[in-house]
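Since the structure comes first, as structure tokens, the remarks are kept for the end.
Quick note on labels: first sequence line is chain A, next is B, and so on, each numbered from 1. The basis for the numbers below is simple: all heavy atoms, side chains too, and nothing from hydrogens, waters or symmetry mates.
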2 protein chains.
Amino acid sequence: MIEGRALIGGIRQLNKSFVSADDVAKRAGVSRSAVSRTFTPGASVSDETRQRVMAAAQALGYHVNQLARGLMRSESGIVCLVVSEMDTPYRARLVRALTHELQRAGKISMLINTDRSDGSVDAALRQTLHYRADASILLSGLPDKAITKLCLDSGQRIVLINRDDEIDGPFRINLDDGHAARVTVSAFLRAGCRHLALANSAVGTPSLMARERGFVAAAAEFGLDVTVVRHGNTVYESGRKIAQTLFAEPKQPDAVFCVNDLMAFGLMDGARHDFGLRIPEDVCVVGFDDIEQAAWASYALTTFSQPVDEIVKNSIAWLANHGGESQPEVRSINLHAPMIWRKSIRGMQRPIS
Amino acid sequence: MIEGRALIGGIRQLNKSFVSADDVAKRAGVSRSAVSRTFTPGASVSDETRQRVMAAAQALGYHVNQLARGLMRSESGIVCLVVSEMDTPYRARLVRALTHELQRAGKISMLINTDRSDGSVDAALRQTLHYRADASILLSGLPDKAITKLCLDSGQRIVLINRDDEIDGPFRINLDDGHAARVTVSAFLRAGCRHLALANSAVGTPSLMARERGFVAAAAEFGLDVTVVRHGNTVYESGRKIAQTLFAEPKQPDAVFCVNDLMAFGLMDGARHDFGLRIPEDVCVVGFDDIEQAAWASYALTTFSQPVDEIVKNSIAWLANHGGESQPEVRSINLHAPMIWRKSIRGMQRPIS
DNA sequence: TTGTAAGCGTTATCAC
DNA sequence: GTGATAACGCTTACAA
């Protein structure tokens, strides 16, 4: 009754003094354990007791304290999302979908931003260890291998999306980047293109490099050289910059595969506004990710769709399956990124992939 | 030593059996309290003890258990971000910035997705109450007033961004929507436009409606009518759809104020591709939010910049200031959204705002 | 400065 | 089915 535990209207309490199971027990005239059991899914409580407990809980505004519960149970219910540059369209979509499904599964997601490696990242990540997160999901981006190891060492289950940390333990989800690259080459050739180019970023993450290698290799099979340009980050401005380089050369490419959509948009705008080129008449363009903007009329970009729903489904399924003792058997999975055919390649609209 | 507490290489432990302060104390040859004090900022530990504790902690891979700490302390260190459609460019940027600054301030953010009102939202939100979050930040979007009340009732401090729940207690951050609308009207008039239109969504959130009212009122001052069209969500497709309506009429508008950038892009694409209109020669367009795409060459949209950094700074400052006892005095703040002048209004490039 | 002991709000074990 | 009691891992008086 002292120190602000006074109840206003029977519901709201002041001074951050929360209602505890003890309070509920007293009011309901039962024991703490009865209250606990009432809020534990696989319970063993008589209907009458449950009724009384629920009534008391309702009246007092009682919420189970997960902090305390997590102390006893092995699971905290927390899943940690580690991501850099999360306002990038593809990443934002992934984070949204993951969060949504996670909370449908009764989990709660903690967000760790790894934009800068200035120690604040490290601190934040350490935070989640402090909270005894059940698992971490590492999205593509900056986070380095040390982070993976740190999470792993603290006993978390880990999902790696589009990453390549060759550490044992995590579940890996990757895309068939090489296949996409080959499909692109063949689409370009069927459109009559002969001067192929590839726009990549300078960051050189594994999936980006896989796309580059696949593209160059597939072109080589047809005896074609590829002009490869790598610049900056995987952002719009890099694509635009690459356009400046590519189209200023005497031998202008007539087909460019950009390793992601953002760069493709920059490249398209560069080609159009800086060089007066038409797409797809003068130059064909293909991107990767199928972010929302790819469908906008100004771009109508032919690209490869990130199977976000599949990624999320697989992540959560793996997390759910391996809650128990069983040794994780499946270590990685390869998902298909289907081609989305729009208007940035000339000729027949015939998807192949 | 039993049940998997065996240490591998002195660092990694199996079976989720975490290292506790007790373990560290034993190894360092000190008491539990000494360990606790070592990890408490305002401590009172001798340098020597601290050294030994740190060494032992390092060797064992010890991390303070926040779940347990939160049980004693009043603060859990958790801040809850409630947001719907968080992959929308503006929201994603806000979430990123908030998360980043929050973790710089030593907090950790929990993400609650309120996309569907199917009870899963309610469950997720209830989750954060369970985790005793210190505060909640509600971004614009779906979450209804009941949610605000729920958070408030559980003793959380609350920040409302661009929302209008007329409940007492939260800190409100809003924009000068009306001013932006007036500036837009005067810019249109100076560009020689006479047939003004406004593209709004049908959701009718307070800030959106404020922009509409402000625009209509300002136009009225000059004796001008405004064609108002409301349709769908605040997305690209809605803008495009509105273009169909607007430009099919005999009296085509020569200036359109769109309540957000996404709709503006849709409207521009509709005007160009469906009606062959040129921007800004045939029709001037202004948006709101200044998302990344507004700077892309295909749009070069004149718009109003969401002061994201200011919003974040103010949110966190308020949260930090009101950790103590003091009655919150400042209840709300109004931020300025400066006009970003690009190329979607014809004539002199003279910002006014 | 340091150790001892008493909580914090749960859940799990075990008699009844 | 129910109620004591012992953890869980931490912080914090209080005493030394």
To the nearest Å, give me how far apart CG (D22(B)) and C1' (dT4(C)) are.
-> 13 Å
Looking for any heavy atom pair under 4.0 Å, which part of the strands does Y62(A) touch: base, sugar-phosphate only, or nothing?
-> sugar-phosphate
Nearest-Å distance for atom pair CZ/C1', residues R69(A) and dA7(D) | 17 Å
Would you mind reading off the distance between R32(B) atom CZ and dA6(C) atom C1', rounded to a whole angstrom?
-> 11 Å
Does S31(A) make a side-chain N or O approach to OP1 or OP2 of dT2(D) shorter than 4.0 Å?
-> no
Among dG3(C), dT11(C), dG9(C), the one nearest any side-chain atom of V64(A) is dT11(C)
Expected output: side-chain D115(B) to main-chain E85(B) donor-acceptor under 3.5 Å | yes
Pick out which of L67(B), L129(B), L71(B) makes a side chain to side chain contact (heavy atoms under 4.5 Å, CB included) with N65(A).
-> L71(B)
Taking CZ from R73(A) and C1' from dA12(C), how many angstroms apart are they, rounded to a whole number?
-> 10 Å
Would you state whether a donor and an acceptor, one from the side chain of S36(A) and one from the base of dA12(C), lie under 3.5 Å apart?
-> no
Inspect the contact between D134(B) and K107(B) and indicate whether a charged nitrogen and a carboxylate oxygen are less than 4.0 angstrom apart.
-> yes
Contact class for S33(A) vs. all strands (heavy atom < 4.0 Å): base, sugar-phosphate, or nothing?
-> base
Taken to the nearest whole Å, CZ/R37(B) to C1'/dC10(D) is 13 Å
Look at all strands and tell whether H63(A) reaches a base, only sugar-phosphate, or nothing, counting heavy atoms closer than 4.0 Å.
-> sugar-phosphate
Testing dG7(C), dT10(C), dT2(C) for proximity to the side chain of S20(A), the answer is dT10(C)
Quick one: is dT1(C) close enough that its OP1 or OP2 comes under 4.0 Å of any side-chain N or O from S46(B)?
-> no
May I ask you to establish whether R331(B) and F171(B) are in a cation-pi arrangement, using a distance under 6.0 Å from NZ or CZ to the six-membered ring centre and at most 45° from the ring axis?
-> no
For L129(B) and dG9(C), what is the distance between atoms CG and C1' respectively, to the nearest whole Å?
-> 16 Å
Which whole-number value in Å describes the distance from R50(A) CZ to dT2(D) C1'?
-> 14 Å
Could you give the distance from CG (L94(A)) to OG1 (T88(A)), rounded to the nearest 0.5 Å?
-> 12.0 Å
Could you check which of dG1(D), dT11(D), dT11(C) has an atom nearest any side-chain atom of M72(B)?
-> dT11(D)
First encountered from the 5' end of DNA chain C, between D47(B) and A68(B) = D47(B)
Position toward the 5' end of DNA chain D (nearest nucleotide), F39(B) or L71(A) = L71(A)
To the nearest Å, give me how far apart NE2 (H130(B)) and C1' (dT10(C)) are.
-> 13 Å
With a 4.0 Å cut-off on heavy atoms, is V45(B) in touch with a base, just the backbone sugar-phosphate, or nothing at all?
-> sugar-phosphate
